[in-house]
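Everything on this sheet refers to the single structure shown next.
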Number of protein chains: 2
Amino acid sequence: MAQLAGVSVTTVSRVINDYPHVSKAKKDKVFWAMDKLGYVPMQAARQMRGSGSQTIGVVVPEIINPFFSYLINAIERTVDKLHYKTLIIQTFGRKQNELTALDYLKRHQVDGIILCALENDWDIIKGYQKYGQIAVCNEYVDEDTIPMVIGDQFNGLRQGTEYLISKGKTKIAYCTGRDSLLLQQRGKNFDSDRYLGFTTALQAHDLSFNPAWLFTNAHSIEDGQAILKQLSQMAQKPDAIITGSDEVATGIVSLAKSLNIQIPQDLSVLGVDDQPLAKFLSYPLTTIRQPITQMGQQVAEVLIDNIKGTTEPAQKIKLDLQIVPRESA
Amino acid sequence: MAQLAGVSVTTVSRVINDYPHVSKAKKDKVFWAMDKLGYVPMQAARQMRGSGSQTIGVVVPEIINPFFSYLINAIERTVDKLHYKTLIIQTFGRKQNELTALDYLKRHQVDGIILCALENDWDIIKGYQKYGQIAVCNEYVDEDTIPMVIGDQFNGLRQGTEYLISKGKTKIAYCTGRDSLLLQQRGKNFDSDRYLGFTTALQAHDLSFNPAWLFTNAHSIEDGQAILKQLSQMAQKPDAIITGSDEVATGIVSLAKSLNIQIPQDLSVLGVDDQPLAKFLSYPLTTIRQPITQMGQQVAEVLIDNIKGTTEPAQKIKLDLQIVPRESA
DNA sequence: CTGAAAGCGCTTACAG
DNA sequence: CTGAAAGCGCTTACAG
């Protein structure tokens with residue numbers, strides 16, 4: 001290509017990389033030759049020189065979960081505008097896969113990584129910061145050097161609970177995806193913040209939480225169905241349930257009719273996420289919407305800012321959740 | 001690393017690549033050193049030498065469509081077992097993005113590509129075959145050299161239509177995602193095969209198709225809603241509709257109640273895909289299920305076979321679709 | 001069975 | 001403003 005353009009490879013490299021001092025004449029010749037040959041620089045060679053890959057890695061548990069596919073979508077559309085590409089990595093919940101993803105940083109396969117879920121302890125992940133930029137989305141990280149974009153779980157769940165109470169509900173059950181409930185100071189942890197939002201609203205109305213109404217490991221539609229079956233056999237039944245996800249809510253409402261439970265009269269069901277089909281379900285889901293598009297966009301912008309070296313203190317962005325009233329509550 | 005192991009880099013390379021003649025002693029030393037240093041070979045350097053990237057590109061329109069995210073999921077789990085990685089590329093329906101994806105073949109970024117949708121004319125895509133393996137999934141390609149895995153659209157739609165007829169329906173409307181109906185010899189084209197399956201069933205029962213009941217460009221939930229509105233104002237109304245996708249079906253059933261249309265009595269609605277939430281909708285969808293998991297698995301296996309040089313004639317695999325009877329039809 | 005050397009396609013001091 | 005040369009981390013003839 002340099003030959004066709006009649007310049008040195010050095011000059012070609014310079015025009016490709018927008019190096020300042022190149023004469024217009026040579027620049028034009030290079031562009032002409034590039035066009036003529038359909039030349040595209042080989043990524044691998046650039047990576048090997050340690051130059052940027054113009055790629056950012058997006059690590060998610062799995063893309064069949066609509067929350068994550070929509071998040072990826074928002075991220076990809078944003079980085080695309082900034083002339084970056086995206087490498088999607090699924091962990092399937094395995095620690096090792098997250099580590100492999102972080103290794104891409106070490107090998108210059110990606111310039112930065114967005115973690116949309118955390119599998120490994122933070123102490124381990126931290127060690128990869130020296131190889132490239134890391135940002136976290138939808139998880140809390142209490143580390144000054146890491147940019148983070150999250151939904152405001154505390155206020156989202158508080159408002160959701162207030163909403164149920166305003167509808168006259170007083171016996172509210174609670175689901176979490178984890179295998180136990182975690183309690184920390186506010187602002188430190190995703191699940192803890194959710195639960196604190198829930199109990200804060202309860203306390204404001206002198207209500208208390210019955211531990212028998214706590215359901216752990218609740219992820220899927222099937223989990224939701226199992227939960228409703230348990231509920232239906234309790235002597236003391238709750239009159240509302242906060243499900244932690246639209247999947248679990250879907251499972252619950254799907255079985256209500258056959259168990260002779262009226263929704264929302266007997267049981268109000270509150271989802272989280274506002275997935276695309278939530279409003280078309282047999283009972284359109286009242287749910288707490290997460291600002292997925294904004295989350296994806298902001299985390300992508302912040303990360304690329306950091307890659308480009310805008311070295312201000314790491315940003316911590318908190319976005320509002322929003323109650324979407326429909327029929328299930 | 002070679003230094004630590006006390007061998008030449010040549011030997012290290014040979015160990016890593018399973019080259020046959022290396023003494024056990026040196027091999028062990030290399031493994032020991034690899035482990036000690038946490039060494040991982042740098043992809044970029046291997047790619048530059050033209051060695052394989054152990055990566056296959058998966059090109060889809062967009063991952064927020066569950067059909068494609070589930071397909072990717074199946075592909076990824078399969079290539080993972082075969083020690084390959086996956087690079088997901090979304091075209092968003094743009095020809096240029098598909099070409100960029102194919103360029104990865106040229107630059108050795110991927111060893112092969114699975115096209116799950118076709119944006120460009122086949123003549124253009126064909127030109128990339130010399131750079132690496134290409135396989136097609138869920139689209140018809142009439143080219144001996146290209147492996148292809150598809151669902152049997154003809155029989156799927158034929159059975160779906162038969163099902164509607166068996167329920168007493170005779171006035172059946174038809175939707176397509178394209179902007180026009182294409183007719184070709186059977187086995188040549190995805191949409192044509194669907195339509196042929198439909199009309200073949202019709203003819204077997206001496207029924208005919210009223211062209212006023214053809215709806216084009218039907219993709220989304222909103223499209224489905226628009227279609228139902230049109231239908232409701234027709235003098236001659238159909239008593240069933242084949243929607244071409246669960247999204248369109250969802251749009252139709254979502255509006256039925258407010259337009260005073262009884263499903264399935266007044267209008268039977270038949271979806272295609274069997275998306276995860278199809279059975280939880282206000283009217284659980286009767287739908288034609290595509291064998292997504294098998295499709296993904298088979299196309300991945302065939303492609304990797306070809307990459308490894310099992311140069312038999314390109315396989316054409318056709319998988320059965322399946323009617324899932326529920327309440328919408 | 002093993003190693004020294006060339007080369008893949010780039011970028012970056014260095015020198016002019 | 002421009003170019004010759006070194007080097008990034010690998011693999012692959014070539015020679016032994």
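For the numbers below, each heavy atom of this structure counts, side chains included, while hydrogens, waters and symmetry mates do not. Note on naming: letters A, B, ... go to the chains in the order of the sequence lines (proteins, then strands), and numbering restarts at 1 for each one.
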**OP:** State whether A:Ser23 places a side-chain N or O below 4.0 Å from either non-bridging phosphate oxygen (OP1 or OP2) of D:dT2.
**Re:** yes
Original post:
How is A:Thr11 classified with respect to the nucleic acid when contacts are heavy atoms under 4.0 Å: base, sugar-phosphate, or nothing?
Top reply: sugar-phosphate
Original post:
Given atom NE2 of B:His21 and atom C1' of D:dG16, what is their separation to the nearest angstrom?
Top reply: 15 Å
Original post:
Using a cut-off of less than 4.0 Å, is there contact between a side-chain N or O of A:Lys27 and OP1 or OP2 of D:dC1?
Top reply: no
Subject >> Nucleotide of C:dT2, D:dT11, C:dC10 approaching B:Tyr19 most closely (side-chain heavy atoms) >> reply: C:dT2
Original post:
Does C:dA4 pair with anything, Watson-Crick or G-U wobble, both distances under 3.5 Å, and if so, with which nucleotide?
Top reply: none
**OP:** Give the intermediate values and the outcome of side-chain contact (heavy atoms from CB on, under 4.5 Å) for residues A:Gln290 and A:Asn138.
**Re:** CA-CA 10 Å; A:Gln290 305 239 39; A:Asn138 197 42; 4.2 Å; yes
Original post:
Between B:Thr10 and B:Ser13, is any side-chain donor less than 3.5 angstrom from a side-chain acceptor?
Top reply: no
**OP:** Look at A:Thr10 and D:dG3 and indicate whether a side-chain polar atom (N or O) is within less than 4.0 Å of OP1 or OP2.
**Re:** no
Original post:
Under 4.0 Å between a side-chain N or O of B:Arg49 and OP1 or OP2 of D:dG9?
Top reply: no
Original post:
For B:Arg46 and D:dG9, is the shortest distance between a side-chain N/O and OP1 or OP2 below 4.0 Å?
Top reply: no
Subject >> Integer-rounded Å distance: D:dT12 P and B:Asn17 CG >> reply: 7 Å
Original post:
Between B:Gln109 and A:Gln43, does any side-chain donor sit less than 3.5 Å from a side-chain acceptor?
Top reply: no
Original post:
What's the verdict on side-chain contact (heavy atoms from CB on, under 4.5 Å) for B:Ser53 and B:His108, showing C-alpha distance, side-chain angles and the deciding distance?
Top reply: CA-CA 7 Å; B:Ser53 59; B:His108 304 291; 6.0 Å; no
**OP:** State whether a side-chain donor-acceptor pair under 3.5 Å links A:Glu119 with A:Thr91.
**Re:** yes
Original post:
When you measure from the side chain of A:Arg14, which nucleotide among D:dC10, D:dA13, D:dT2 comes out closest?
Top reply: D:dT2
Original post:
Taking for each residue the nucleotide of DNA chain C with the nearest heavy atom, is it A:Tyr39 or B:Gly6 whose nucleotide lies nearer the 5' end?
Top reply: B:Gly6
Subject >> Strand partner of C:dA13, provided both Watson-Crick or wobble distances fall under 3.5 Å >> reply: none
Original post:
Could you give the NE2-to-C1' distance, from B:His108 to D:dC10, as a whole number of Å?
Top reply: 14 Å
Original post:
How many Å lie between CE on A:Met48 and C1' on C:dT12, as a whole number?
Top reply: 14 Å
